[in-house]
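Data first, discussion second: the structure below is written as C-alpha cells.
Chain naming here is simple, since letters A, B, ... match the order of the sequence lines and numbering starts at 1 in each.
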Amino acid sequence: MKNERYELNKELAQMLKGGVIMDVTNAEQAKIAEAAGACAVMALERIPADIRAAGGVSRMSDPKLIKEIQAAVTIPVMAKVRIGHFVEAQILEALEIDYIDESEVLSPADNIYHINKNEFKVPFVCGAKNLGEALRRISEGASMIRTKGEPGTGDVIQAVVHMRLIQGEMRAVKALREDELYNKAKELEVPIDLLQYVHEHGKLPVVNFAAGGVATPADAALMMQLGAEGVFVGSGIFKSGNPAHRAQAIVKAVTNFRDAKVLAEVSENLGEAMVGINEEEIKILMRERGI
Amino acid sequence: MRIGVLALQGAFEEHINMLKELNVDAFEIRQKKDLEQEMDGLILPGGESTTMYKLLNDLHMFDLIKEKIEHGLAVFGTCAGLLLLAKKVNNHSTSYIQTMNIVAKKNAFGRQLGSFRTTGSFDSLMDVPFVFIRAPYIESVGEDVTVLATVEGLIVAAKEKNQLVTAFHPELTKDLTIHKYFIDMIKENLE
C-alpha cells in the first residue's frame with residue numbers, strides 16, 4: 001500500500017513534465033499563472049527575492065493563504081516547508097496539498113536531518129545540487145527532484161552548474177563496471193539500489209526539474225536542453241515588468257525548447273526582466289542548506 | 001501506421017514508448033507544422049488540460065486539431081486528453097475541443113490524496129490495470145457514446161465513433177491492452 005502511494009506520487013510528477021511551475025503569493029497571482037499555462041503553482045507568502053530582501057526567519061505559509069490558492073485554481077498546488085520541519089509537513093498534508101517542497105528557500109529547521117518523507121501520503125519534491133543529494137532525498141521518500149540553483153537571484157548560473165553536475169555524474173555512473181558501484185555508493189553516501197537504477201537507466205528514478213534563478217524564456221530553454229524535464233520559476237515572473245506576458249512566454253519556451261525560432265518570437269518585447277542580483281553579490285547561499 | 005502524440009506538456013513520452021513497443025511509428029506534435037503531417041491516429045496525453053489548451057491556442061493548433069477530429073481522425077485522450085475532448089467540463093469555466101458528446105468533471109476524485117490504482121474490465125477485456133492521478137470522470141454521455149469502463153458506478157472510459165477516452169492512464173502501466181484497442185480502432189477507421 002505504501003509502495004503504491006509512492007508510485008502514484010512519482011506519477012503525478014510525470015504529469016507535470018514539460019511544464020512550468022510558478023511561485024505565487026496570492027489567489028490572484030495563482031489565477032494569472034493558471035491562465036498563462038502553468039502546470040502547477042507553488043503557494044508561498046513571499047517569493048525568494050523578497051525573502052532575501054526581508055531577511056530573518058522564513059517559514060511555511062499561512063494555511064489560510066494556501067486554502068485561498070487551492071480554491072482559486074484547478075491545477076496542482078504545491079507549498080514549501082522548512083528542511084527537517086516534519087510538523088509543517090503534517091500541516092500541509094492535512095490541507096491536502098498536492099506536493100510539498102522541502103525547501104532550502106525557507107530557513108532550515110534542522111541542520112542534520114531531513115524529513116522522513118516515506119512516512120507521508122502526500123508527495124515531496126526536494127532540491128539537489130549533485131547526484132548524492134538527489135539520491136539521498138529519494139531514499140528519504142522524495143518523489144520528484146529539482147536543482148537547487150540559487151533562488152531569488154534571477155541568475156541562472158547555479159541551476160546550470162547543478163544540472164550539468166547531476167547529469168555528468170549520472171553519465172559517469174552509467175559507465176562504471178557493476179562491481180564498482182558498491183564503492184561509488186559509499187563515496188556518494190547513497191543506497192546501492194538507487195545507484196544501480198542510475199547505472200542501468202542513466203537517469204534518476206524520479207522526474208527532475210530545474211529551479212533557482214530562471215528568469216527568461218531563454219533560461220528555461222537552456223535548462224531543458226541541459227536535461228531538465230520541466231522548470232520551476234520563482235521570483236522570475238512576479239518580479240518582472242509584465243508577469244502574465246512573461247509567464248506565457250516561458251511556458252511556450254519550455255514546450256518548444258529546441259526551436260530557436262519560437263524562442264526568438266517569445267523572447268520579444270517581454271518588458272523588464274526581474275532586476276536580479278549576481279550570485280557573487282549575495283550574502284546567503286541557499287544552496288548550501290541541507291546536504 | 002503512424003500515430004502522432006500531442007507533446008505540448010505532460011506524459012507524452014510514456015505514450016510514445018508504448019507505441020514503440022507495439023511497433024507503431026510514433027511522433028511528437030509540438031507545433032502546427034507537426035500537426036500538418038500525415039497520421040492515422042492522434043493521442044492527447046495526460047498532463048494539465050489548462051496548459052495544453054492554452055498552448056493549442058497560442059501555437060495556432062486549435063482549429064486544425066478540431067477539424068481533423070471532426071473529419072474522422074482516430075483520437076485517444078487520457079485524463080487531461082479526456083477533458084480536452086469533452087463537450088462540457090462541468091466544474092470548469094472553459095470547455096475545450098468539444099468534439100465528444102460527454103460531460104466530464106475535472107479532479108473528480110479530489111486532490112493528489114485521492115489518486116489511486118485499481119483493476120477493472122474494459123469493454124469485453126478483464127483485469128485491465130487503471131491508474132488514476134487527480135483524475136476526472138464522465139458524469140454523463142450522449143446518444144452515440146458507448147461506455148467502456150466504470151469504477152464504483154462512475155464512468156471512466158468511453159468511445160464515440162473515432163474518439164476514445166479514458167480517465168485513467170494506461171501509459172503509466174506495463175499493460176498494452178488499451179493501446180492495442182486504440183490501434184484496432186484505427187484499423188477499423190481506415191477500412
(message) I need the residue from Glu229(A), Glu11(A), Glu93(A) with the largest number of non-hydrogen atom pairs under 4.5 Å to chain B.
(response) Glu11(A)
(request) Over all heavy atoms of both residues, which pair between Thr51(B) and Val251(A) is shortest? Give the atoms and the distance, please. (result) CG2-CG1, 4.4 Å
(message) With a 3.5 Å distance limit and no angle check, can you tell me whether Arg117(B) reaches the backbone of Glu7(A) through a side-chain donor-acceptor pair?
(response) no
(request) Tell me, yes or no, whether the heavy-atom count around Lys67(A) atom NZ, taken from other residues, nucleotides or ligands under 6.0 Å, exceeds 12. (result) no
(request) Step through the shown structure and confirm whether more than 12 heavy atoms of other residues, nucleotides or ligands are within 6.0 Å of NE2 on His60(B). (result) no
(message) Is it the case that over 12 heavy atoms from other parts of the model lie below 6.0 angstrom from the CD atom of Glu140(A)?
(response) yes
(message) Under a 3.5 Å distance rule, please check whether Gln112(B) uses its side chain to pair with a backbone N or O of Leu8(A) as donor and acceptor.
(response) yes
(message) Counting only heavy atoms not in Lys87(B) (residues, nucleotides, ligands), do more than 12 fall under 6.0 Å from its NZ?
(response) no
(request) Flag the pair Gln70(A) / Arg111(B) as yes when at least one side-chain heavy-atom distance between them is below 4.5 Å, and no otherwise. (result) yes
(message) With rounding to the nearest 0.5 angstrom, report the CG to CZ distance, Leu113(B) to Arg5(A).
(response) 6.0 Å
(message) Heavy-atom cut-off 4.5 Å, strictly under: side chain, backbone, both or neither for Ala38(A) against chain B?
(response) backbone
(message) Counting neighbours of CD on Glu28(A) that are heavy atoms of other residues, nucleotides or ligands and sit closer than 6.0 Å, is the number greater than 12?
(response) no
(message) Return the CG to CG distance between Leu55(B) and Asn256(A), rounded to the nearest 0.5 Å.
(response) 8.5 Å
(message) Other residues, nucleotides and ligands only: do more than 12 of their heavy atoms fall within 6.0 Å of CD on Glu268(A)?
(response) no
(request) Side chain from CB out, backbone as N, CA, C, O: work out which of these in Ala80(B) comes under 4.5 Å of a heavy atom of chain A, or both, or neither. (result) neither
(request) Flag the one option from His169(B), Lys106(B), Glu48(B) with the top tally of heavy-atom pairs under 4.5 Å to chain A. (result) Glu48(B)
(request) Could you look at Pro76(A) and say if it's the side chain, the backbone, both or neither that has a heavy atom under 4.5 Å from chain B? (result) both
(request) Nearest 0.5 Å please: distance from the CD atom of Glu4(A) over to the OG atom of Ser115(B). (result) 10.5 Å
(message) Taking Met15(A)'s backbone N and O only, do any of them form a donor-acceptor pair with Gln9(B)'s side chain (distance below 3.5 Å, no angle check)?
(response) yes
(request) Under 4.5 Å heavy-atom distance to chain A, tell me which part of Leu8(B) shows up: side chain, backbone, both or neither. (result) both
(request) Drop me the distance from Gln248(A)'s CD to Lys54(B)'s NZ, to the nearest 0.5 angstrom. (result) 3.5 Å
(request) Count the heavy atoms of every other residue, nucleotide or ligand shown that sit under 6.0 Å from NZ of Lys203(A), and state whether that count exceeds 12. (result) yes
(request) For Arg134(B) and Thr74(A), work out which heavy atoms get closest and say how close. (result) NH2-O, 2.7 Å
(message) Tell me whether Tyr137(B) at atom OH has more than 12 heavy atoms from other residues, nucleotides or ligands lying less than 6.0 Å away.
(response) yes
(request) Nearest 0.5 Å please: distance from the CE atom of Met52(B) over to the OG1 atom of Thr255(A). (result) 10.0 Å
(message) Measuring from atom CD of Glu171(B) to atom CD of Gln14(A), what distance do you get when rounded to the nearest 0.5 angstrom?
(response) 8.5 Å
(request) Measure Asp259(A) against the heavy atoms of chain B and call it side chain, backbone, both or neither at under 4.5 Å. (result) side chain
(message) Need one label for Val262(A): side chain, backbone, both or neither, based on atoms under 4.5 Å from any heavy atom in chain B.
(response) side chain
(message) Less than 4.5 Å to any heavy atom of chain A: does that hold for the side chain of Tyr53(B), its backbone, both, or neither?
(response) neither
